[in-house]
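For reference, the structure is listed below as structure tokens.
From a predicted model like this one, the values you see are computed outputs, not experimental measurements.
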Amino acid sequence: METLMNVQDKERDRAQRDIRAEILRYLKSDGRVAWAAGVHVRAFRGCSDILGQLETGHFMAVKVKRLGEPLGSGHAAFLDQVGTAGGLGILAHGIEDVRQALEAFHGQMEPVSEDALMAFEPETVLLMSEVSINPTRYEYGRG
């Protein structure tokens, strides 16, 4: 059985590109995300590794770092700027950080499947669609 230390060592040793690829696959399968794309060039100072848009229309930026790797001041400033403007800025060491950030931002678990929605009465579905989401700023790194 692996100890927690061995698991953390393996996480730390994973390449940042592998973590980014896993996160992108996750984001593309999450119904709360309209689109997400990896940024392969340094577009501007502090630009995150993944940019995207949530289904709510909010901008999303994900900076991927290996466990224990420090966040640069330019990246921290960009994530803070995204959050201040009403978007979702995430410092992620893996998929779990992204999942927690989306849940904190939306105040909900992953979207309900269409099959589950069909079990509700039509009036209930209508009321659910009328609820406006009041996003809160996710304090990245403190999830």
Side-chain angles (χ1 to χ4, degrees), residues 1-120 124-143:
M1 180 173 191
E2 287 187 287
T3 65
L4 179 58
M5 185 61 103
N6 290 340
V7 171
Q8 288 175 336
D9 288 342
K10 285 182 180 181
E11 279 294 310
R12 192 176 299 113
D13 291 341
R14 286 191 321 152
Q16 188 170 327
R17 71 178 176 279
D18 295 337
I19 299 168
R20 182 177 62 207
E22 290 172 7
I23 290 172
L24 269 170
R25 279 192 298 275
Y26 174 78
L27 289 171
K28 290 178 180 182
S29 71
D30 190 304
R32 298 170 289 195
V33 178
W35 64 269
V39 178
H40 299 287
V41 296
R42 185 174 170 174
F44 52 86
R45 179 170 159 68
C47 184
S48 291
D49 300 301
I50 300 170
L51 301 177
Q53 182 179 6
L54 303 176
E55 283 291 326
T56 59
H58 294 90
F59 182 75
M60 175 186 65
V62 181
K63 179 60 187 163
V64 178
K65 286 287 191 181
R66 293 184 315 164
L67 196 61
E69 193 174 27
L71 182 65
S73 62
H75 294 117
F78 180 66
L79 291 176
D80 191 50
Q81 183 180 15
V82 168
T84 299
L88 176 59
I90 306 169
L91 168 60
H93 303 291
I95 293 170
E96 186 61 22
D97 293 328
V98 174
R99 186 188 64 73
Q100 288 178 4
L102 286 166
E103 287 176 7
F105 188 78
H106 287 293
Q108 66 184 25
M109 299 299 279
E110 290 190 40
V112 178
S113 70
E114 287 185 36
D115 291 338
L117 282 177
M118 296 308 287
F120 289 111
T124 306
V125 175
L126 177 62
L127 289 174
M128 289 172 64
S129 66
E130 291 174 351
V131 173
S132 65
I133 296 174
N134 183 13
T136 58
R137 184 165 170 248
Y138 176 72
E139 295 293 330
Y140 52 88
R142 298 184 191 145

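Glu55 meets the salt bridge (charged side-chain N to carboxylate O under 4.0 Å, His left out) test with no other residue; sequence neighbours excluded. Applying the side chain to side chain contact (heavy atoms under 4.5 Å, CB included) test to Val64 and every residue at least two apart in sequence or in another chain returns Gln16, Ile19, Arg20, Ile23, Asp49, Ile50, Val62. Evaluation of the salt bridge (charged side-chain N to carboxylate O under 4.0 Å, His left out) rule for Glu22 yields Arg14 as partners, not counting sequence neighbours.
Residues Ser73 and Arg45 form a side-chain contact, since some pair of their non-hydrogen atoms from C-beta on lies under 4.5 Å apart. With contacts defined as side-chain heavy-atom distances shorter than 4.5 Å, the pair Ile95/Arg25 does not qualify. Contact of the Leu88 side chain with the Leu102 side chain is registered, since non-hydrogen atoms from C-beta on lie closer than 4.5 Å. Side-chain atoms of Leu54 and Phe105, non-hydrogen and from C-beta on, do get closer than 4.5 Å to each other.
The minimum heavy-atom distance linking Ile90 with Leu79 is given by the pair N-CD2, 3.6 Å. Of all heavy-atom pairs between Val82 and Ala61, the closest is CG2-CB, 4.1 Å. Nearest heavy-atom pair, Trp35 versus Leu51, reported as atom, atom and distance to 0.1 Å: CZ3-O, 3.4 Å.
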Stepwise side chain to side chain contact (heavy atoms under 4.5 Å, CB included) test for Ser48 and Val39: CA-CA 7 Å; Ser48 291; Val39 178; over 6 Å; no

Candidate pair His58 and Arg32, rule side chain to side chain contact (heavy atoms under 4.5 Å, CB included), full reasoning: CA-CA 10 Å; His58 294 90; Arg32 298 170 289 195; over 6 Å; no

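To the nearest 0.5 Å, atoms SG (Cys47) and NE2 (His75) are separated by 7.5 Å.
With hydrogens and angles disregarded, a donor-acceptor distance shorter than 3.5 Å links the side chain of His93 to the backbone of Lys65.
A salt bridge (charged side-chain N to carboxylate O under 4.0 Å, His left out) check over residues 87-96, counting only residues at least two apart or in different chains, returns the pairs Glu96-Arg99.
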